[in-house]
Structures are given as structure tokens and as C-alpha cells.
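In this chain, numbering begins with 1 at the start of the sequence shown. For ligands, and for the atoms within them, numbers begin at 1 and follow the listed sequence. Model, not experiment: these values are computed from the prediction.
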Amino acid sequence: MLEKKEIGYEKTVLIGVITRDQNEEKSKEYLDELEFLTYTAGGEVVKRFTQKMDMPNPKTFIGTGKMEEVEAFVRENDIGTVVFDDELSPAQQKNNERILRCKIIDRTNLILDIFAQRAQTSYARTQVELAQYQYLLPRLAGMWTHLERQRGGIGMRGPGETEIETDRRIVRDKISLLKKKLTTIDKQMAVQRGNRGQLVRVALVGYTNVGKSTLMNVISKSDVFAENKLFATLDTTVRKVVIKNLPFLLSDTVGFIRKLPTQLVESFKSTLDEVREADLLLHVVDISHPNFEDHIASVNQILDEIKGGDKPTMMIFNKIDAYTHETIDADDLVTEKTKIHYTLDDWKKTWMGKVGENALFISAINKENLEEFREQVYKAVREIHITRFPYNKFLYQEYTE
Ligand SMILES: Nc1nc2c(ncn2[C@@H]2O[C@H](COP(=O)(O)OP(=O)(O)OP(=O)(O)O)[C@@H](O)[C@H]2O)c(=O)[nH]1
Ligand SMILES: [Mg+2]
């Protein structure tokens with residue numbers, strides 16, 4: 001009889017640093033996110049190592065002493081993968097592989113790997129493949145050896161599985177081929193977008209896992225894959241939504257993340273065109289996440305990068321059902337009130353209040369406040385529609401109660 005094989009999560013160790021601009025708390029937040037990424041890619045985090053330092057060691061990134069500690073742990077616990085939160089130079093990558101004798105990947109690599117795993121359509125696959133080759137090119141010198149690459153698992157999916165003997169030239173050829181392929185698809189996509197007529201276009205944007213697809217599903221009755229993992233959605237879905245009697249197009253697209261690899265932003269250009277060409281953005285935020293303000297900043301930064309930063313935008317604070325805050329006892333006169341103590345009402349008095357009607361607080365799961373959401377989106381879309389088609393009587397008839 002065949003031995004029953006356990007398909008478990010790959011045992012993984014995380015490595016992060018504490019620096020002058022990245023204090024202990026920040027470092028922990030980053031590692032929390034890295035752990036979620038690792039889990040999404042199929043890894044189980046067994047231990048985290050952090051080191052205080054101001055300059056990374058050019059040879060191994062972390063210091064020699066720390067490296068010995070990690071090595072001992074990797075040996076004793078049969079660790080398959082070590083994930084660094086920061087990008088490693090090709091030399092550091094190579095040295096660390098030699099010392100630790102296991103797979104060494106960094107954040108960028110991990111994100112690319114998740115994208116490779118998640119890419120459904122040939123379009124998304126081509127985009128991810130291009131990004132992976134671009135990541136690979138400067139690192140070819142430090143590549144894993146033949147056997148190691150055949151092991152598979154995290155960080156090993158996508159190109160490279162079959163093309164172990166790649167050299168720079170082959171990779172460069174591959175990159176230009178993929179670029180050509182993408183240009184062809186991009187043209188088709190542009191035509192498709194053009195064919196959608198002149199309906200107002202609204203795009204859901206936001207950090208990964210904030211509930212964009214869930215919201216898309218509840219307001220368009222569609223069935224977009226939503227899951228509590230990062231980057232559940234890679235391909236853009238566009239649905240026609242009608243509120244009252246005003247039709248418009250709503251698109252759900254790839255989520256953003258801090259330090260989204262530039263290779264990915266570039267290769268997902270066309271996917272992101274949906275955002276660039278939208279008339280209105282719905283910036284969805286997971287208000288129950290402790291770092292939601294950082295998330296907003298990362299999303300805004302990426303929007304600026306893809307030149308979508310100056311569009312009319314509504315802020316949709318989602319997951320209000322899951323929002324929690326700490327409380328201060330009435331007789332506690334020492335503890336100072338900080339953001340962790342804010343109630344939703346306190347938050348509404350901060351910068352959020354200044355966003356005015358364009359800030360909405362909802363729960364997509366519990367369908368809380370969706371009526372108000374519809375009403376506000378309706379108003380905003382109507383505004384754009386009327387400006388665009390002052391005389392148009394076909395697409396839009398004035399709604400009367
Ligand atoms: N508690 C709570 N959970 C929610 C809410 N909306 C979505 N979720 C959950 O959040 C997780 C992520 O939801 P998705 O809709 O996949 O998020 P997304 O923004 O599309 O994520 P990506 O496609 O990965 O960028 C899922 O487990 C949802 O069930 C909400 O209002 N409240
Ligand atoms: Mg999604």
C-alpha cells in the first residue's frame with residue numbers, strides 16, 4: 001500500500017531588522033504582514049528572527065552572529081525556507097544560500113510567487129511571468145543550483161521550473177517575447193475597454209484583503225472570488241451595475257501592498273489601466289486593521305505612481321463590524337488616549353470627518369450602511385454622467401421618486 005503522504009505547509013523562518021527608521025513596533029507589523037504573505041504562499045512560520053542594525057552586512061544582510069543563530073535553528077528544525085523582509089542583493093542571496101543550505105527568498109520574491117500561484121488567465125500569467133523574469137535577470141549569477149530548483153514549493157513556481165539552464169541571453173529574449181505578447185493583449189484590452197461605450201467607469205481600489213471583491217459581489221450580485229488570503233484577485237472583473245436607473249461600470253482589480261515590486265507594477269500596467277482610466281475611484285479601507293492608515297498611504301503612493309492619484313475618490317471604510325478599540329477605565333488617570341482607544345465616532349472627528357460625504361462606513365459582509373453607500377455612489381456617478389452628457393436622454397433618465 002502506498003504510504004499516506006501529508007501535504008503540509010512548508011516550515012519557514014522570517015528575518016527582519018530593526019533600524020533607526022524602523023522601530024520595534026514597525027518591524028513587528030512588517031513581519032506580521034510577511035507572515036500572512038508566507039501563509040498565503042503555502043508556508044508555516046515557525047520562528048521570527050530580528051536584528052537591530054543600521055547598516056546591512058554586505059555579505060549576508062544580517063550580522064555574522066545572528067546568521068549562526070539562524071543556521072543552528074534551520075538545522076535543528078529542518079527548515080525549508082528562510083524569508084527576508086527586505087530585498088537581498090544577488091551576492092547576499094548567494095552567500096546565504098551557501099551558509100543556510102535552504103531556500104532563501106525575499107519579500108519581492110514571495111509576492112511574485114503568490115501572484116504566480118494566483119494567476120488564472122493567460123493574460124495574468126504573462127504579466128506575472130514578465131515580472132518574474134525581470135526580477136530574475138540581475139540575479140542569475142546567484143541562482144539556485146539545478147537540484148535545488150527542482151524541489152519546488154514557495155518561491156519556485158513560475159519560470160525557472162522548466163528553464164533551469166537559463167542564461168542572461170535566454171532570459172532577455174524571453175522578456176522581449178513576453179513584452180510583445182503583452183503589447184498585443186494590451187491592444188485587445190484597450191479595444192475592449194473602448195467597446196464598453198461611454199458609461200461612467202468606477203474602480204474599486206485598495207490594499208489587499210480589505211474586501212473589494214466582497215463589496216463588488218454585494219453590489220453587483222456577481223461572483224468574484226473573495227478569500228481571507230492576500231491577492232485573491234489578480235484579474236480585473238468589470239460588471240455593469242445599475243443603481244436606481246443609472247447604469248455604470250464597476251471594476252474590481254488587484255489589491256495593493258506596501259513595497260509592491262516595481263516589476264509587478266510595470267507588468268500589470270494594463271490591469272492597472274482600468275484604474276487609470278476610471279472616472280471615479282472607490283478607495284476601500286479595512287478599518288478593522290491596526291495599520292489601516294499606513295495602508296491608505298501605500299495605496300495613495302501607488303496611485304500616484306500610476307498617475308491615478310488625482311481622480312475623484314470616495315473613501316469606503318469597510319469591516320466596521322470587526323472594528324475594535326481599547327478602552328481606558330474611568331478611574332485610570334494615567335493612560336493617555338491614543339488612536340488605539342478611538343471609537344469609530346472618534347475617528348469620524350479626525351481627518352476622516354474632513355472627507356465629508358465622500359467618507360462612508362460600511363460592512364460589506366453584514367450589508368451594513370449599504371443603502372447610504374449606494375446613494376452616495378449614485379450621486380457621484382450621476383454628477384459625472386450629467387457633466388459628460390448634458391443632453392443625453394438615452395443612458396440616463398431623470399429619476400423621480
Ligand atoms: N468582518 C468583515 N470581513 C469582511 C468584510 N468584507 C470582506 N471581509 C472579509 O475579508 C476577506 C478579504 O475579502 P476580499 O473581498 O477577498 O478582499 P479583496 O480586497 O478583494 O482582496 P484581494 O483580492 O486579495 O486584494 C474575506 O475573508 C472577506 O470575507 C466585512 O465587511 N467585515
Ligand atoms: Mg479581491
Side-chain angles (χ1 to χ4, degrees), residues 32-42 110-121 123-124 127-128 202-239 241 250-261 264-265 268 271-272 274-275 278 281-292 294-296 298-300 302-303 306 308 313-325 344 347 359-374 377:
D32 285 345
E33 187 172 83
L34 194 69
E35 178 159 348
F36 199 3
L37 283 165
T38 307
Y39 160 72
T40 302
L110 194 57
I111 296 176
L112 287 172
D113 193 65
I114 296 170
F115 271 66
Q117 222 179 326
R118 299 260 155 165
Q120 296 282 330
T121 59
Y123 182 49
Q127 294 182 110
V128 176
V202 181
L204 290 161
V205 293
Y207 213 73
T208 178
N209 211 43
V210 295
K212 298 179 293 299
S213 301
T214 310
L215 184 58
M216 171 93 169
N217 288 341
V218 293
I219 55 174
S220 74
K221 302 190 186 67
S222 63
D223 216 355
V224 181
F225 183 61
E227 171 180 41
N228 191 22
K229 279 195 175 177
L230 303 176
F231 306 114
T233 314
L234 278 196
D235 288 291
T236 303
T237 316
V238 184
R239 292 271 182 280
V241 176
L250 181 66
S251 66
D252 173 29
T253 190
V254 55
F256 298 163
I257 195 163
R258 184 181 75 92
K259 290 196 196 163
L260 190 67
L264 271 178
V265 178
F268 272 71
T271 300
L272 295 169
E274 206 68 55
V275 174
L281 300 182
L282 303 181
H283 182 163
V284 186
V285 178
D286 172 0
I287 198 164
S288 74
H289 195 290
N291 310 119
F292 76 87
D294 287 343
H295 292 178
I296 295 175
S298 305
V299 171
N300 285 338
I302 297 169
L303 284 176
I306 63 167
T313 305
M314 291 173 75
M315 300 296 294
I316 314 297
F317 297 99
N318 188 31
K319 306 201 190 179
I320 53 169
D321 61 288
Y323 182 76
T324 53
H325 61 88
L344 277 181
W347 272 116
L360 291 167
F361 296 80
I362 63 160
S363 162
I365 286 248
N366 292 350
K367 303 198 168 60
E368 251 175 282
N369 246 350
L370 282 189
E371 267 323 299
E372 193 195 347
F373 170 80
R374 279 175 203 276
V377 173

About how many Å separate [atom2] of [Y] and [atom1] of [X], when rounded to the nearest 0.5 Å?
X      : Y      : atom1 : atom2 : result
Ile287 : Asp321 : CD1   : CG    : 11.5 Å
Glu33  : Asn291 : CD    : CG    : 8.0 Å
Thr40  : Gln117 : OG1   : CD    : 8.5 Å
Leu204 : Thr253 : CG    : OG1   : 9.5 Å
His295 : Asp286 : NE2   : CG    : 8.0 Å

Mind checking whether Ile365 contacts ligand 1 via backbone (N, CA, C, O), side chain (CB onward), both or neither, at a 4.0 Å heavy-atom cut-off?
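Both the backbone and the side chain of Ile365 come within reach of ligand 1.
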Heavy atom under 4.0 Å from ligand 1: found in Asn209's side chain, backbone, both, or neither?
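Contact part for Asn209 vs ligand 1: both backbone and side chain.
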Among Thr214, Asp321, Thr208, closest by any non-hydrogen atom to atom 28 (C) of ligand 1:
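Looking at heavy atoms only, the winner is Thr214.
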Which of these, Lys212, Lys367, Lys319, Glu368, has its nearest heavy atom closest to atom 9 (C) of ligand 1?
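Looking at heavy atoms only, Lys319 sits closest to atom 9 (C) of ligand 1.
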Is the distance from the Mg ion (ligand 2) to some N, O or S atom of Thr208 under 2.8 Å?
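No, outside the cut-off.
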Against heavy atoms of Ala322, which atoms of ligand 1 measure under 4.0 Å?
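Within the 4.0 Å cut-off of Ala322, ligand 1 contributes 1 (N).
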Which of the atoms in ligand 1, numbered in the order shown and given with their element, are less than 4.0 Å from a heavy-atom of Gly255?
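Per the distance check, 25 (O).
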Does Ile362 reach ligand 1 with a nitrogen or oxygen that is under 3.5 Å from one of the ligand's nitrogen or oxygen atoms?
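No.
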Would you say ligand 1 has an N or O under 3.5 Å from any N or O of Val210?
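Min N/O separation from ligand 1 is below 3.5 Å for Val210.
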Are there over 12 heavy-atom neighbours, none belonging to Tyr39, within less than 6.0 Å of that residue's OH?
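It does not: Tyr39 OH has 12 such atoms or fewer within range.
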Stepwise, does the side chain to side chain contact (heavy atoms under 4.5 Å, CB included) test hold for Ile296 with Phe317?
CA-CA 11 Å; Ile296 295 175; Phe317 297 99; 4.1 Å; yes
